[in-house]
Amino acid sequence: MARLDGKVAIVTGAAQGIGASYAKALAKEGASVCVADIDDPAGTVAAINAAGGQALGVNVDVSSAASVRQMIDKTVAAFGGVHILVNNAAVFGKLALKPFEEISSDEWDKVMAVNIRGVFECCKAATPQMRAQKYGKIVNIASGTVYKGTPMLLHYVTSKGAIVALTRAMARELGGAGIGVNCIAPGLTMSDNVKSNTDWAEPLINGINASRAIKRDQQPDDLLGTLIFLSSPDSDFLTGQTIVVDGGSVMH
Ligand code: NAD
C-alpha cells in the first residue's frame with residue numbers, strides 16, 4: 001500500500017516545471033491528482049496516467065476566486081474530496097532580473113496577484129472541504145530567496161516572504177481543524193524555465209553552488225521527499241513551518 005492511497009491532491013502550476021514533478025510524485029504515492037495550471041496540463045496528466053496513476057487536468061487562474069472555486073468543485077466531483085493542496089503556481093521562471101526602481105506597478109500587481117493572492121484564494125476555497133473531512137495538508141511553495149534577500153527580483157522575493165507569513169498565521173487558525181499548513185522554500189532549482197532563462201545564468205545560476213554545503217545543482221527531484229513528508233500523516237504534528245531545501249545554503 002502506498003503512503004497516499006485514498007488521498008486526493010491538487011497541485012497548482014503543474015503543467016510543467018517543478019509542479020509537474022510534485023504532481024507525478026504524489027500520484028506515485030497513490031494520491032489521485034488534480035493537475036491545475038493556467039497553461040494546458042495535458043502533458044502531466046498523460047504522464048501520470050501512463051505510469052498507472054489517476055489524474056484530472058484543470059485549467060485555472062489562481063488569481064481568480066471564481067476560477068479557483070471551479071478547480072475545487074471539479075476535483076471534488078471527480079475524486080470525492082481534497083486532502084492535499086500544493087500551492088506551487090507562481091510568476092517566476094520567465095521573470096527578468098531588474099533593479100526594483102525599474103519594476104512597474106503593473107508588474108508588481110501581477111506578481112502579487114498570482115504568487116500571494118493566488119495562495120490565499122486556493123486555501124480559502126479548499127478549506128471548507130478539508131474542515132468537513134477533519135483532515136487536510138496545505139503545502140505552500142515559498143523560496144530560499146526570502147532568507148537570502150536575493151536582489152533584482154524584489155516583487156517575487158516579497159511575494160514569497162508573504163507566503164511564509166501566511167503559512168504561520170493560517171496554521172494557527174486551522175490547527176484545531178486537523179489541517180496542517182507548511183511551506184517548502186527551495187533553493188535555485190534546475191527547472192525547465194530556470195535552465196532556459198539566459199538572463200539568470202551569470203548573476204544567479206553561476207556561483208550559487210559555492211554557497212551550498214552540498215556543492216551541486218539542485219534538481220526538482222531533490223524537493224520530492226520533503227513534499228511527500230509534508231503531504232502525508234508522517235507530518236501530522238508539524239504545522240506553520242518552512243523547510244528550506246537547498247543543499248545547505250540557507251540555515252535558519
Ligand atoms: P515556473 O515559472 O517554471 O512554473 C510556474 C507554473 O505556474 C507554470 O506552469 C505556470 O503556467 C503556472 N502559473 C503561472 N501563473 C498561473 C496562474 N495565474 N494560475 C495557474 N497557474 C499559473 O516555475 P518553477 O521553476 O517550476 O517553480 C515552481 C515553484 O517553485 C514556483 O512557486 C517558484 O516560485 C518556486 N521556486 C522555484 C525555484 C527554482 O529555482 N525553480 C526556487 C524557489 C522557489
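Predicted model only: the values in this text are computed from it and were never measured. All ligand and atom numbering here is 1-based and tracks the order in the structure.
In this structure, OG in Ser67 is found 5.5 Å from CG in Asp61, a value given to the nearest 0.5 Å.
In this pair, Tyr147 and His252 present their aromatic rings tilted. The plane angle is within the 30 to 60° band.
A donor-acceptor pair shorter than 3.5 Å can be found between the side chains of Asp217 and Asn209.
Remark: Lys98 engages Glu107 in a salt bridge, criterion side-chain N to carboxylate O under 4.0 Å.
Other residues, nucleotides and ligands place more than 12 heavy atoms under 6.0 Å from the CZ atom of Arg69.
A distance limit of 4.0 angstrom between heavy atoms and ligand 1 selects the residues Gly13, Gln16, Gly17, Ile18, Asp37, Ile38, Asp39, Val60, Asp61, Val62, Asn88, Ala89, Ala90, Phe92, Gly93, Val114, Ile141, Ala142, Ser143, Tyr156, Lys160, Pro186, Gly187, Leu188, Thr189, Ser191, Asn193, Val194.
Residue pairs meeting the ring-ring contact (aromatic ring centres under 6.0 Å, His included) criterion with at least one member in residues 15-40: none, sequence neighbours excluded.
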